[in-house]
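Worksheet: one structure, shown below.
The chains referred to below are lettered A, B, ... by the order of the sequence lines, with proteins before strands, and numbering in each begins at 1.
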There are 2 protein chains.
Amino acid sequence: MPSANASRKGQEKPREIVDAAEDYAKERYGISSMIQSQEKPDRVLVRVKDLTVQKADDVVWVRARVHTSRAKGKQCFLVLRQQQFNVQALVAVGDHASKQMVKFAANINKESIVDIEGVVRKVHQKIGSCTQQDVELHVQKIYVISLAEPRLPLQLDDAIRPEVEGEEDGRATVNQDTRLDNRVIDLRTSTSQAIFRLQSGICHLFRETLINKGFVEIQTPKIISAASEGGANVFTVSYFKNNAYLAQSPQLYKQMCICADFEKVFCIGPVFRAEDSNTHRHLTEFVGLDIEMAFNYHYHEVVEEIADTLVQIFKGLQERFQTEIQTVNKQFPCEPFKFLEPTLRLEYCEALAMLREAGVEMDDEEDLSTPNEKLLGRLVKEKYDTDFYVLDKYPLAVRPFYTMPDPRNPKQSNSYDMFMRGEEILSGAQRIHDPQLLTERALHHGIDLEKIKAYIDSFRFGAPPHAGGGIAVGKGDDAVFRIA
Amino acid sequence: MPSANASRKGQEKPREIVDAAEDYAKERYGISSMIQSQEKPDRVLVRVKDLTVQKADDVVWVRARVHTSRAKGKQCFLVLRQQQFNVQALVAVGDHASKQMVKFAANINKESIVDIEGVVRKVHQKIGSCTQQDVELHVQKIYVISLAEPRLPLQLDDAIRPEVEGEEDGRATVNQDTRLDNRVIDLRTSTSQAIFRLQSGICHLFRETLINKGFVEIQTPKIISAASEGGANVFTVSYFKNNAYLAQSPQLYKQMCICADFEKVFCIGPVFRAEDSNTHRHLTEFVGLDIEMAFNYHYHEVVEEIADTLVQIFKGLQERFQTEIQTVNKQFPCEPFKFLEPTLRLEYCEALAMLREAGVEMDDEEDLSTPNEKLLGRLVKEKYDTDFYVLDKYPLAVRPFYTMPDPRNPKQSNSYDMFMRGEEILSGAQRIHDPQLLTERALHHGIDLEKIKAYIDSFRFGAPPHAGGGIAVGKGDDAVFRIA
């Protein structure tokens, strides 16, 4: 299939045309024609991560990107990259490679994808710059499968350099705008590959844990006919001759599923907030992980289930994604994440006392500001040695209308947030399951009852006590992934 | 905690007030005050499905809905329902229950949630109308936890009656509008409970299979800055001072992930189409299951991976969800689903020949109409005895601009649909990974290149050959779940 001469991209060839008659290796390299599924060759492509001493002296085919190339006399060293793995390859003038072939290899644009046939050779000195340190590939054939343009908008090695290191020694790093404008290349770095795998892993662990606990996954509508939850910060959609709105959360729907006897439900999906802010905590679109659950007598049954779900995610990441965590840590150094079992639960008044002792002035019914959240995170870490905790019993005044008041103290509520490293990651509460009280609280919040009629009506035919919570994952990473 | 007298809902009590002094059981029944997490009683609630002869003579607590009640002299029979399970309960005048208590039980509105203490008794004649056929519950205490309004907008027993049966014997069924207007109640039926569990199971099996195959789950943006894929049928969102659009599919983003070296990706999320039609195949919002995958030499590598994923889902449903399938079949009778391993793959020209032989007139480059899809499904079932097959090599003219043309025949393309019971469930293709050919094809389709610049640019720095496909799940069921 590969052909050195017939190519769509002939005009882009990075090599000089030399006298073909002299070239005894001319069939062994070149630019392949575009793969259009012309044929099904019986060729096995070996994965770069499987190139180890066990394969020493084997002849293998590998498909990978040209990460770097360096010509040196009659030789050319390539680093071949496949996802987060790389291996050194050598093209040297000899039986298999001609002078022209070495030159061809040396001139392949970085990030091009190549098919290489080569012999796996054990090396005597470890190759520190590659993940496959004990072998190199002695190239016998090399064909370009997809040619990259000659100038890369960013260098992958720059993109994984820790900011501080780059600043200190004057070496380049890549700024956020360049990354976002060239996201496809930025995502090829070992750090991005690891972050995306961790994000996929978090969703997988979340669902795996909940399915094992008997939860049912639901899909909730995103285009809705009335702005729910008060109507602020909602996006309007032109819906044929009318207007519709983008759901700000699956809150109402997951509660309706509880009223419909599913008992334990979760969903993962986009959430839309028309907040014109520029912080990593305020995005117009992010992915929400939502849980809702009926309980028997006390909402702490739900708090424990959610906290345990998060603990299972932390443990699963540490067990199954250690390599990815270490890869991210190389670029973004970080203390290991600490958590307790069972999870620490503090009441809001205890947190207030800790903050006041640290000199913060706050009212009893005041919400936590971002700086105070962070300070509290540090105080809790010092006192309890945990990066994860539940803050329980928030003031009723700072929570949504559907939050169950605390029967012992009308200024408190049966609501909670969960924190990681001093930032709120989940907000939840016991919900009001009584239509009469729900109506009173909605009126108190100035909400138009007509707009939430279907919601309130869903509690009129028997509703179990229930509680839940929502987590935002991938704030930041998804938004920047957008074509913009 | 339960109290017969102090109740928020005192005015709604369904029982007559009789002389309390005479009532020796007055502490044993009543309407509980709203559960606001006042206390954490040490009480274990037994699941209805666990009420079997193994528990005979045990005293248990159960929380369930009152499905039906029937008073008969000094006795009242209740059917207690918990999700898809139910059990008979008996309140009879005697040591534990007074005349007043029996009357109270008989008057509890259907769908109310109750806490019952009772003795599990083995019955001598099976109770055919309940899932728990070998036992009944002899009630000692009964408290209403959440009271339903007296008039139900639909009866659950009507809602699970097969259409034909209802028509034949004059018994009631429930029409679609009533179901949608009272979705919370409609979802409580055994059929709806099973459908939602099956839908959750499909998503779980899809992800489980793909994670095991080494795929990475991604989240793609829904609010986008330019109408991609041609711009027809796209919803406009007011985005602060500008307009934005709702993504019609994750197509461009999942391909960009392939260019970013993830090799195998999938996503599950909402897809938006501004199609003003009223068929179950055209919805403005549905949940898409999307796959994209780099391949080595031939897109059939991807076709096999996707077909195998679907086969794993079919098998998983048959193995793990047999009860749910049977429950749905009771209301919607259906032949068992048949499939082959490996999956049958037909070429479009073969399908045309089969249709023509059956008397259909079609051009070589014409797409399949819905009636022809269904007819083909029947012809394939007769000939090959399968409800699932792949139709390969569609005419290029009927596929999107990014579809790879067939190099052997310029009127064909490397594209495929997958069919279940004569309906297309997945559409896919090898995609063009060469920016020059992609530009040519976009221009041929009259697409504004400026709007897809970021997409085309993502192929400029080395792109592997790749293919994929998208499935729609829950068309119909999600939309009707909307507050409307």
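Contacts between P464(B) and chain A at a heavy-atom distance below 4.5 Å involve backbone atoms as well as side-chain atoms. Interface remark: R188(B) contributes backbone and side-chain atoms alike to the contact with chain A (heavy atom separation under 4.5 Å). For R460(A), the parts lying near chain B are the backbone and the side chain together; criterion is any non-hydrogen pair under 4.5 Å. Looking at T189(B), there are no atoms closer than 4.5 Å to chain A (heavy atoms on both sides), in backbone or side chain. Interface remark: Y245(B) contributes no atoms to any contact with chain A (heavy atom separation under 4.5 Å). Contact of R207(B) with chain A is made through the side chain alone, with heavy-atom distances under 4.5 Å. For a residue to count as touching a neighbouring chain, one of its non-hydrogen atoms must lie under 4.5 Å from one of that chain's; by this rule P405(B) touches chain A with backbone and side chain alike. Contacts between I432(B) and chain A at a heavy-atom distance below 4.5 Å are absent for every atom of the residue. At a 4.5 Å heavy-atom cutoff, Q84(B) makes no contact with chain A through either its backbone or its side chain.
A 4.5 Å side-chain heavy-atom check between V184(B) and F461(A) finds every atom pair outside the cut-off. Residues Y239(B) and T284(A) are in side-chain contact: their nearest non-hydrogen atoms beyond the backbone lie under 4.5 Å apart. Residues P465(B) and I145(A) meet the side-chain proximity criterion, which asks for heavy atoms closer than 4.5 Å. I211(B) is listed as a side-chain neighbour of S200(A), based on a closest heavy-atom distance under 4.5 Å. Using a 4.5 Å heavy-atom cutoff, the side chains of Q219(B) and C203(A) are in contact. Counting heavy atoms from C-beta on, the side chains of K40(A) and H300(B) come closer than 4.5 Å.
Heavy-atom pairs under 4.5 Å with chain B were tallied for Q83(A), H204(A), R408(A), E208(A); the largest tally goes to Q83(A). Counting heavy-atom pairs closer than 4.5 Å to chain B, the top residue among D406(A), N296(A), T236(A) is N296(A). Of the listed residues (M404(A), Q193(A), E301(A)), the greatest number of heavy-atom pairs within a distance under 4.5 Å of chain B belongs to Q193(A). Most heavy-atom pairs under 4.5 Å with chain A, from the set F262(B), F295(B), F235(B): that is F262(B).
Pairing each heavy atom of S146(A) with each of A463(B), the nearest pair is OG-N, 2.8 Å. Of all non-hydrogen atoms in K222(B) and E285(A), the two that sit nearest each other are N-OE2, 2.6 Å. The heavy-atom pair separating R65(B) from C259(A) by the smallest distance is NH2-O, 3.1 Å. Taking both residues in full, the closest heavy atoms of Q36(A) and N414(B) are given as O-ND2, 2.9 Å, listed atom of the first, atom of the second, then distance. Considering every non-hydrogen atom in both H433(B) and I35(A), the closest pair reads CE1-O, 3.3 Å. Of all heavy-atom pairs spanning G462(B) and I113(A), the tightest one is C-CD1, 3.9 Å.
We find the OG-CG distance between S238(B) and L246(A) to be 10.0 Å, quoted to the nearest 0.5 Å. Interatomic distance, CG of D261(A) versus CD of Q82(B), reported as 8.5 Å (0.5 Å rounding). Note that the CZ atom of R47(A) and the CD atom of E263(B) stand 4.0 Å from one another [nearest 0.5 Å].
S37(B) meets the side chain to side chain donor-acceptor pair (under 3.5 Å) test with Q430(A); sequence neighbours excluded.
With Y297(B) as the aromatic partner, R63(A) meets the cation-pi criteria of under 6.0 angstrom to the ring centre and within 45 degrees of the ring axis.
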